[in-house]
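Residue numbers begin at 1 in each chain, while the letters A, B, ... track the order of the sequences.
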2 protein chains.
Amino acid sequence: MNGDRLLAALSALGNPQRMRIVATLAGRRQYVSQLARELGISRPLLHMHLQRLEAADLVTADLEISDSGKAVKYVEAAPFALHLTPETIARAIPTLTEQKEQK
Amino acid sequence: MNGDRLLAALSALGNPQRMRIVATLAGRRQYVSQLARELGISRPLLHMHLQRLEAADLVTADLEISDSGKAVKYVEAAPFALHLTPETIARAIPTLTEQKEQK
DNA sequence: TCCACGTGTAAGAAAAAGCTTACATGTGAT
DNA sequence: ATCACATGTAAGCTTTTTCTTACACGTGGA
């Protein structure tokens with residue numbers, strides 16, 4: 001597992017809102033506006049969290065044009081499986097580029 | 001898995017410094033001051049990160065009195081094993097108390 | 001035309017996290 | 001006594017994250 005991707009996944013999941021989002025989308029697709037209502041959070045806020053989750057490949061998005069012609073974005077949890085132990089983390093660390101920007 | 005503890009573990013691991021700390025302590029105990037030097041970070045900073053990791057039960061600490069009588073704190077990665085999938089997260093969510101303080 | 005509903009995004013406030021510097025204690029060796 | 005090394009912790013700055021409000025566009029139906 002790549003260090004940067006692991007970090008992206010963990011920091012994305014290490015947030016209560018995003019944990020709930022992933023849980024809600026486990027095996028069930030839903031469109032953004034409706035999801036925001038279900039979770040009781042604003043749509044811009046959900047949009048922000050979804051970006052983080054998509055960037056970490058934990059959630060996939062599909063922009064569909066409904067029969068009525070309206071654009072609707074469906075999101076769903078990606079089928080990820082991360083096994084975390086001190087050892088798996090240690091193996092990922094060498095590929096962690098992070099380090100403050102070397103300008 | 002308990003929701004709050006899972007969140008604590010994920011938010012603790014979702015940080016480059018702490019990921020390195022856990023990796024460095026995988027199967028190898030070390031005392032704080034020396035660890036700070038190895039990682040190239042200040043001791044107060046390491047102290048702060050260790051607190052977070054201990055609180056999440058990802059690292060264990062042992063305060064020992066060395067032969068010479070000096071107090072030395074040894075830390076080590078706890079033998080944790082977290083399996084993360086959309087489903088395991090979904091199962092943990094019901095026990096997530098988080099919610100803004102209900103006063 | 002205007003409303004309801006979907007999308008995205010920018011700007012700024014508020015809160016949390018990260019980090020440094022400085023101070024405090026205690027021990028053993030010089 | 002002073003130095004070297006271990007510990008902890010408080011104060012304050014800086015940066016990032018989180019969240020709200022407000023605006024933009026496009027569609028279908030009354």
What is the distance from [atom1] of [X] to [atom2] of [N], rounded to the nearest Å?
X	N	atom1	atom2	result
A/Gln30	C/dG6	CD	C1'	13 Å
A/Arg52	D/dC19	CZ	C1'	14 Å
B/Leu46	D/dT9	CG	C1'	14 Å
B/Leu7	C/dA17	CG	P	10 Å
A/His47	C/dA11	NE2	P	16 Å
A/Ile21	D/dT18	CD1	C1'	12 Å
B/Ile65	C/dG28	CD1	P	10 Å
A/Met19	D/dT18	CE	P	14 Å

Among [options], which nucleotide has an atom closest to any side-chain atom of [X]?
X	options	result
A/Leu45	D/dG8, C/dG6, D/dT20	D/dT20
B/Val72	D/dA6, D/dT18, C/dG6	D/dA6
B/Lys70	C/dG28, D/dG28, D/dT9	C/dG28
B/His49	D/dG8, C/dC19, D/dT17	C/dC19
A/Tyr31	D/dT17, C/dT7, D/dT9	C/dT7

Hey, could you give me the [atom1]/[atom2] distance between [X] and [Y], rounded to the nearest 0.5 Å?
X	Y	atom1	atom2	value
B/Thr88	B/Leu82	OG1	CG	9.0 Å
A/Leu10	A/Ile89	CG	CD1	6.5 Å
A/Gln51	A/Leu46	CD	CG	10.5 Å
A/Thr85	A/Arg91	OG1	CZ	6.0 Å
A/Leu39	A/Gln17	CG	CD	7.5 Å

Taking only N and O in the side chain of B/Asn15, is any of them less than 4.0 Å away from OP1 or OP2 of C/dA17? no
Is the phosphate of C/dC19 approached by B/Gln17 (side-chain N or O, under 4.0 Å from OP1 or OP2)? yes
Dump the intermediate steps for side-chain contact (heavy atoms from CB on, under 4.5 Å) on B/His49 and B/Asn15, then the final yes or no. CA-CA 10 Å; B/His49 286 310; B/Asn15 170 286; 4.1 Å; yes
What residues in residues 35-44 of chain B put a non-hydrogen atom under 4.0 Å from any atom of DNA chain D? B/Arg37, B/Arg43, B/Pro44
When you match B/Val32 and A/Ser11 each to their closest nucleotide on DNA chain D, which lands nearer the 5' end? B/Val32
Whichever of A/Met48 and A/Ser68 has its nearest DNA chain D nucleotide further upstream toward 5':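 Upstream on the strand: A/Met48.
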Can you name the salt bridge (charged side-chain N to carboxylate O under 4.0 Å, His left out) partners of A/Arg43, sequence neighbours left out? none
